[in-house]
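Worksheet: one structure, shown below.
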Amino acid sequence: MSTELEIALVLGTALLWIALTLTILSAIDRPERKARRQERRNVRADKHRIEYRPAAAAAHSPGRNRHPRTRRLHPH
């Protein structure tokens, strides 16, 4: 075997080993990162959430129309 071929084989093996190691490490950490992302998303959503208050009980009396009278424009 020539020296250049041996060097290329060693470098190729080293690069393959590094790529495989990084892939395995990122796969191990993936569920934890996903949980952290979800938690940050929930915190942001809570900050932007609008709290709705129920309407007052007397606001819609049963005898009246549900829709208020429309406003009409009057010429001056």
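FYI, side chains are in, hydrogens and waters are out, and symmetry mates aren't considered; it's all heavy atoms of this structure. In this chain, numbering begins with 1 at the start of the sequence shown.
The distance from atom CG of Leu15 to atom CG of Leu20, rounded to the nearest 0.5 Å, is 12.5 Å.
By the neighbour-count criterion of 12 heavy atoms within 6.0 Å, atom CD of Glu6 is densely surrounded, having more than that number from other residues, nucleotides or ligands.
For Arg40, the side-chain hydrogen bond (donor to acceptor under 3.5 Å, both in side chains) test picks out no residue, with sequence neighbours left out. Under the rule for a salt bridge (charged side-chain N to carboxylate O under 4.0 Å, His left out), the partners of Glu32 that lie at least two apart in sequence or sit in another chain are Arg36.
Follow the hydrophobic side-chain contacts under 4.5 Å out from Leu16 and you never reach Leu22; the two are in separate clusters.
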